[in-house]
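Since the structure is predicted, the reported quantities are computational estimates derived from the model, not experimental observations.
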Amino acid sequence: MKRSPLLPLSVKLGRTAFQLLNLSSTQRELLSSSWGVFSPTQIDPSLSHSSSQFDEWEIDFKLGPPPKSCRPHYQRLHDVSIELDLKTKQVMSWIDGSLGAIEATLQIILQWSLHSRGGLLVHASAGIYQGCGILLPGESGAGKSTVAREAGFDRVLSDEMVIIEREQSTISTNHTPSSY
């Protein structure tokens, strides 16, 4: 009996949506357990999505090294090689099968997506305090997580990576810069 292929996983980070193809059951479980409340969800590809809200990328994961003809746009040691088409937003990622390689692929493509919209991915803690967003950037081990837990934030948003994007809004031309 032939097993049916697994449906793609859908991951949404900020306004970037990813369709993850060809991940094994084990890789899916690793990703889901690692991401906790941000777990990717299995989706039915026949369902339509509003493309105006999300920058949508399709990532096709392949186990093993890339073919010799591949000219990767990004390569990290021997665990990840990424080739992408910026126009169609289709990505081929040759990985060693590890969770780190899958997460590195997502992070690199998220950075490409954010850059194209003037956004950034920042290594930081972030929280809400009295209605204001607070960003605490820093290197690993600098105490970002501790500050996020103990700073008295009304809500902690992240203690690792933060997406920074300009909000899409219309601004009336009747206002002067000093009124913002």
- Note on the structure: Sequence neighbours excluded, the answer for side chain to side chain contact (heavy atoms under 4.5 Å, CB included) partners of His73 is Glu83, Leu84
- Task: Check step by step if side chain to side chain donor-acceptor pair (under 3.5 Å) holds for His123 and Glu160.
- Result: CA-CA 6 Å; His123 191 222; Glu160 184 62 27; 3.2 Å; yes
- Task: Kindly write out the residues that satisfy side chain to side chain donor-acceptor pair (under 3.5 Å) with Ser98, not counting sequence neighbours, or none if the list is empty.
- Result: Asp96
- Measure from NZ or CZ of Lys12 to the centre of the six-membered ring of Phe18, then state whether that distance is under 6.0 Å and the direction lies within 45° of the axis. no
- Counterpart residues, side chain to side chain contact (heavy atoms under 4.5 Å, CB included), relative to Gln111 (two or more places apart): Gln107, Ile108, Leu121
Identify all side-chain donor-acceptor contacts of residues 60-70 below 3.5 Å with residues at least two apart in sequence or on another chain.
| unit_1 | atom_1 | unit_2 | atom_2 | d |
| --- | --- | --- | --- | --- |
| Asp60 | OD1 | Asn22 | ND2 | 2.4 |

- With sequence neighbours excluded, tell me which residues meet salt bridge (charged side-chain N to carboxylate O under 4.0 Å, His left out) with Arg149. none
- Item | Note, Ile82 side chain near Gln75 side chain (heavy atom, < 4.5 Å) | no
- Hits for salt bridge (charged side-chain N to carboxylate O under 4.0 Å, His left out) against Lys144, two or more places apart or cross-chain, chain-then-number order -> none
- Message: If the condition is side chain to side chain donor-acceptor pair (under 3.5 Å), which residues does Glu103 pass it with, not counting sequence neighbours?
- Response: Ser34, Trp35
- Message: Show, in sequence, the C-alpha distance, side-chain angles and deciding distance for Leu9 and Leu21, and conclude whether the side-chain contact (heavy atoms from CB on, under 4.5 Å) test is met.
- Response: CA-CA 7 Å; Leu9 291 183; Leu21 308 175; over 6 Å; no
- Sequence neighbours left out, what passes side chain to side chain donor-acceptor pair (under 3.5 Å) with Glu58? Give chain and number order. none
- Query: Which other residues end up in the same hydrophobic cluster as Met92, if Ile, Leu, Val, Met, Phe, Trp and Tyr are linked when side-chain heavy atoms come under 4.5 Å apart?
  - Reply: Trp94
- Mind checking what makes side chain to side chain contact (heavy atoms under 4.5 Å, CB included) contact with Ala124, not counting sequence neighbours? Val122, Leu135, Pro137, Val162
- Query: Between Ser32 and Arg28, is any side-chain donor less than 3.5 angstrom from a side-chain acceptor?
  - Reply: no
- Item | Test side chain to side chain contact (heavy atoms under 4.5 Å, CB included) applied to Arg155 - qualifying residues, sequence neighbours left out | Ile128, Leu157
- Message: Please determine whether residues Ile134 and Met161 belong to a single hydrophobic cluster, defined as Ile, Leu, Val, Met, Phe, Trp and Tyr linked transitively by side-chain heavy-atom distances below 4.5 Å.
- Response: no
- Counterpart residues, salt bridge (charged side-chain N to carboxylate O under 4.0 Å, His left out), relative to Glu29 (two or more places apart): none
